[in-house]
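These numbers come from a predicted model, not from an experiment.
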Amino acid sequence: MLSQSAATSPFLLRVTRERKQQRLRRRHWEEVSSFLPPQMKESCASCNKTVYPMERLVADKLIFHTSCFCCKHCNAKLSLGSYAALHGEFYCKPHFQQLFKSKGNYDEGFGRKQHKELWQQKETKSSSQ
């Protein structure tokens, strides 16, 4: 149990005050958003839950919770300055470089077919016709 002086410390008072304000803002947003049409409510591209303005992050025209914006390879939390995107998937910069270097191109390193394979398939289809 906390002592009387620890329970009334300025830090704890500030933290509890901030949490109360955050709960009030969230409750206010829930009340306001209930009147909005469904298409105006923003949902997270990762978890599909409602994103409130205080936890909103936009990357490549997609909306995320700050906690849901993670590297696909290692699940490390990303920020707007620490990510790289390819084909709608987000990576931390070290893993983006590592996956590119492993095969030397953006397709094979990231688990996709190479473009030259797609071209070869088109050529064989057109030559057989």
Side-chain angles (χ1 to χ4, degrees):
M1 191 147 115
L2 294 173
S3 67
Q4 185 66 20
S5 62
T8 58
S9 74
F11 173 75
L12 289 176
L13 291 173
R14 191 179 87 233
V15 169
T16 54
R17 190 177 327 118
E18 288 172 358
R19 286 182 181 162
K20 285 179 184 178
Q21 289 173 347
Q22 191 176 21
R23 280 195 298 262
L24 286 172
R25 280 190 220 109
R26 183 173 283 151
R27 192 174 302 135
H28 174 72
W29 175 250
E30 287 171 352
E31 290 172 4
V32 170
S33 67
S34 66
F35 296 108
L36 296 174
Q39 66 270 20
M40 290 192 69
K41 291 183 183 177
E42 296 178 329
S43 60
C44 177
S46 179
C47 70
N48 293 321
K49 293 181 181 178
T50 302
V51 178
Y52 300 102
M54 295 296 289
E55 54 194 10
R56 183 177 183 262
L57 184 136
V58 179
D60 287 359
K61 299 179 184 176
L62 295 173
I63 299 167
F64 295 92
H65 293 107
T66 52
S67 58
C68 291
F69 189 51
C70 298
C71 173
K72 182 184 178 199
H73 190 75
C74 67
N75 287 332
K77 188 175 174 185
L78 300 173
S79 68
L80 291 177
S82 71
Y83 82 96
L86 182 67
H87 302 299
E89 295 169 345
F90 299 91
Y91 300 91
C92 60
K93 288 185 178 180
H95 281 122
F96 187 80
Q97 291 173 352
Q98 176 188 352
L99 292 169
F100 176 80
K101 288 177 184 176
S102 69
K103 296 290 182 173
N105 62 57
Y106 287 110
D107 294 319
E108 278 185 298
F110 293 90
R112 296 180 180 269
K113 287 185 177 180
Q114 280 190 323
H115 279 288
K116 66 181 178 183
E117 289 179 17
L118 298 173
W119 297 330
Q120 290 170 351
Q121 289 175 358
K122 288 181 184 178
E123 288 175 3
T124 57
K125 286 180 184 177
S126 63
S127 64
S128 65
Q129 290 178 353

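Sorted by first then second residue, the side-chain hydrogen bond (donor to acceptor under 3.5 Å, both in side chains) pairs that include residues 76-86, not counting sequence neighbours, are D60-Y83, S79-S82.
Both L78 and L80 sit in one connected hydrophobic cluster of ILVMFWY residues. Membership requires side-chain heavy atoms under 4.5 Å apart, directly or through other members. Using a 4.5 Å cut-off between side-chain heavy atoms of Ile, Leu, Val, Met, Phe, Trp and Tyr, with links allowed through other members, L62 and L57 fall into the same hydrophobic cluster.
Here M54 contributes atom CE and R25 contributes atom CZ; the two are 4.5 Å apart, rounded to the nearest 0.5 Å. In this structure, CZ in F96 is found 11.0 Å from CD in E89, a value given to the nearest 0.5 Å.
A distance-only check finds no donor-acceptor pair linking the side chain of H65 to the backbone of Y52 [under 3.5 Å].
Of all heavy-atom pairs spanning C92 and C71, the tightest one is N-SG, 3.3 Å.
With sequence neighbours excluded, no residue forms a side chain to side chain donor-acceptor pair (under 3.5 Å) with Q21.
Using the six-membered ring where Trp is involved, F64 and F90 have ring planes that are perpendicular, over 60° apart on the 30 and 60° scheme.
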With side chain to side chain contact (heavy atoms under 4.5 Å, CB included) as the test, would you mind laying out the steps for S43 and I63 before giving the verdict?
-> CA-CA 7 Å; S43 60; I63 299 167; over 6 Å; no
